[in-house]
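First comes the structure, then the notes that go with it.
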Amino acid sequence: MNTTFKIYNHLYKKYGPQGWWPLIDCSSQENGYHPNDYSFPKNTQQIFEVCLGSILTQNTTFTSVTKSLQNLYHENALDSQKIRDLPIKKFKILIKPSGYFNQKAEYILNFIDFFHTLKNRIPLRSELLDLRGIGPETADSILLFAYNQAEFKVDAYTNRLFSHYGLIDKNAKYDEIKNFIETQIKEEIQDKQTLVHVYQEFHALIVAHSKKFYSKKPYGVGCFLVDIQNHL
DNA sequence: AACCAGGACGTGA
DNA sequence: TCACGTCATGGT
């Protein structure tokens, strides 16, 4: 078993299934998470909600995003067409808690235009990357959690964790890290559905773990994954 | 009070 | 290509 998959197993054993992506109206859990239930998103509305959250969560905490989504939900506007019908000024106020509301409002409205041209088709990664405001992480977030595609989502925590143990270079680029992890996981997982679930859980687990040990410097203090290194 | 959060883009060298 | 500034709110 390779080191990456060992890390995944340790984190899963420690924290359990994370049930990402959290949804406002999940009906499964109070907080919107749905551990051990991979039947989400259930419809076009929920797919859009994940896309929306993926854009809103750029460089912010998800608790802030939840406020924005709740604001929209209470205005009965957690919907791509309803957002379009909203005065942009009001839309910006509703998503204000997530920060960068001017940029994000434009990004989202532009994404909605694209979203409507899809008509239930799964977007290509390249198509998403061509949209303003959607970089590699947001694209993979949308593909992995909104469309259940086998695209691993790399974030700042992933970079910190993997570079901390020398698995990747400290200033490795996004695609390098993504490729490395996907290759390692694919060595262990062949079934495509399982692969998607592992990608989803792994990213969520990395976030859960890193919030504890890789948020403030010095990074990695108390990180029990060091035990894996000792067994190499 | 500084720093970071489930980043992306524009600019100048 | 890459380092750096900008976008903005909210929590520690």
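We use all heavy atoms of the structure for the numbers below, so side chains are in, but hydrogens, waters and symmetry mates are not. Letters A, B, ... mirror the listed sequences (proteins, then strands); counts begin at 1.
Taking atom P on both C:dA8 and B:dT11, the two are 16 Å apart, rounded to the nearest angstrom. Here, B:dG6 and C:dG5 have their C1' atoms 23 Å apart, quoted to the whole Å.
Paired with A:Tyr165 under the rule side chain to side chain contact (heavy atoms under 4.5 Å, CB included), one option of A:Leu225, A:Thr4, A:Ile228 passes, and it is A:Leu225.
Each of A:Tyr107 and A:Trp20 lies near DNA chain B, and the nucleotide nearest A:Trp20 is the one positioned closer to the 5' end. Summary of the strand contacts: A:Leu129 and A:Val207 both lie near DNA chain B, and taking for each the nucleotide with the nearest heavy atom, the more 5' one is attributed to A:Val207.
Side-chain atoms of A:Asp85 and A:Gln81 include a donor-acceptor pair closer than 3.5 Å. A:Thr57 and A:Thr60 share no donor-acceptor pair across their side chains, judged by distance under 3.5 Å alone.
First and last contacts of DNA chain B with chain A, using any nucleotide atom under 4.0 Å from a protein heavy atom and ordered 5' to 3', fall at B:dA5 to B:dC9.
By the side chain to side chain donor-acceptor pair (under 3.5 Å) test, A:Asp130 is found to be paired with no residue, residues two or more places apart in sequence or in another chain being considered.
Across all strands, A:Phe101 comes closer than 4.0 Å only to sugar-phosphate atoms, never to a base (heavy-atom distances). At the heavy-atom level, A:Leu205 lies nowhere under 4.0 Å from the strands shown. Contacts of A:Phe111 with the nucleic acid, taken as non-hydrogen atoms under 4.0 Å apart, are absent.
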Before giving the answer on side-chain hydrogen bond (donor to acceptor under 3.5 Å, both in side chains), spell out for A:Asp25 and A:Gln45 the whole-Å C-alpha distance, their side-chain angles and the decisive distance to 0.1 Å.
CA-CA 10 Å; A:Asp25 203 1; A:Gln45 288 229 8; over 6 Å; no

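A:Phe91 has its side chain within reach of A:Ile83: a pair of non-hydrogen atoms, C-beta onward, lies under 4.5 Å apart.
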